[in-house]
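Below is one structure, written out as structure tokens, with a few remarks after it.
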Number of protein chains: 2
Amino acid sequence: MSGRELTREFFLGFIKLHILHHAAQEPVCGVDLAEELGRHGYELSPGTLYPTLHALNRAGYLKQHDRTVHGRRRKYYVATDAGSAALERGKAQARELIREILDNDD
Amino acid sequence: MSGRELTREFFLGFIKLHILHHAAQEPVCGVDLAEELGRHGYELSPGTLYPTLHALNRAGYLKQHDRTVHGRRRKYYVATDAGSAALERGKAQARELIREILDNDD
DNA sequence: AACTTCGATATCGCGACGCGATATCAAGAT
DNA sequence: ATCTTGATATCGCGTCGCGATATCGAAGTT
């Protein structure tokens, strides 16, 4: 396993939390997320993004509804209550991570 | 994929960063990490912990050296320069995550 | 209505991971 | 030498990551 691949493993969870976060604020579709994540320095190929959305959907964290935009069919996702709850737990853990590895590095 | 499994996926990266963080502060061995991570609410079975340490070692992020403690052979790991650099990148990304999903949830 | 286009989403295949269960290893005691 | 026990290592199977590829569907063209 290369360093680059390992480093990516560090962040895959971050990316999923990001997705949940955005879906908790407004309906988002695949391309929106790909672009938004790109702005945060992440890259997510379709082969990862869409299966991830499906998994979040199956887990009951996201709810899907189709919409047609500019003649293109898009699948929008919004966070469910369970998804928002999972996001909150994720935030709590992220806070804990920060406290542990960031705050006390004097 | 269940919600529980998905939630775990969120945190696997956190756990690996935690490991790198501790190894950057002092030599740590498997059991030390299992206990320390447990204090932070994480659980990591041997089947995940040891292969993870080996992967970090192979990637050049950790350096291993054996030591005998209380009649038990232990393998201690410390972060290399490359490991510390990867940790710093991880911290930067964690900060970014925090800014995005924590700070502006008013 | 059939065809074409093309943005958006979906799937395939293979390598690698997660992890419970199991096995192996090593130092001290007897 | 054997047993004990803590520590580490590995196996096997299900699943994931993801580049490459395929499919879908709405609008325009004819």
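Proteins come first, then strands; the chains are lettered A, B, ... in the order of their sequence lines, and each starts at number 1.
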Open item on the list: The side chain of B:Tyr50 is closest to which nucleotide in this list: C:dG18, C:dA10, D:dT8?
Closed with: D:dT8
Open item on the list: Expressed as a whole number of angstroms, how long is the span from A:Arg73:CZ to D:dA26:P?
Closed with: 7 Å
Task: Phosphate OP1/OP2 of C:dG7: any A:Lys75 side-chain N/O under 4.0 Å - done: no
Task: Atom CG of A:Asp66: over 12 foreign heavy atoms under 6.0 Å - done: yes
Open item on the list: Could you tell me if the side chain of B:Pro46 sits less than 4.5 Å from the side chain of B:Leu49, heavy atoms only?
Closed with: no
TODO: Could you please name the option among C:dG20, D:dC16, D:dG19 that lies closest to any side-chain atom of A:Ser45?
DONE: D:dG19
TODO: Respond yes when some side-chain nitrogen or oxygen of B:His70 is under 4.0 Å from OP1 or OP2 of C:dA27, and no when none is.
DONE: no
Open item on the list: Side chain of B:Thr48, heavy atoms from C-beta onward: which of D:dA7, C:dC19, D:dA9 has the nearest atom to it?
Closed with: C:dC19
- [ ] Give one of base, sugar-phosphate or nothing for B:Leu12, where a contact means two heavy atoms less than 4.0 Å apart.
- [x] sugar-phosphate
- [ ] Respond yes when some side-chain nitrogen or oxygen of A:Lys16 is under 4.0 Å from OP1 or OP2 of D:dC16, and no when none is.
- [x] no
Open item on the list: On DNA chain C, does the nearest nucleotide to A:Val69 precede the nearest nucleotide to A:Pro51 from the 5' side, or the other way round? Give the residue.
Closed with: A:Val69
- [ ] Over 60° means perpendicular and under 30° means parallel, so classify the ring planes of B:Tyr61 and A:Phe10, tilted if in between.
- [x] tilted
Open item on the list: By the 4.0 Å heavy-atom rule, please label A:Arg72 as base, sugar-phosphate, or nothing.
Closed with: base
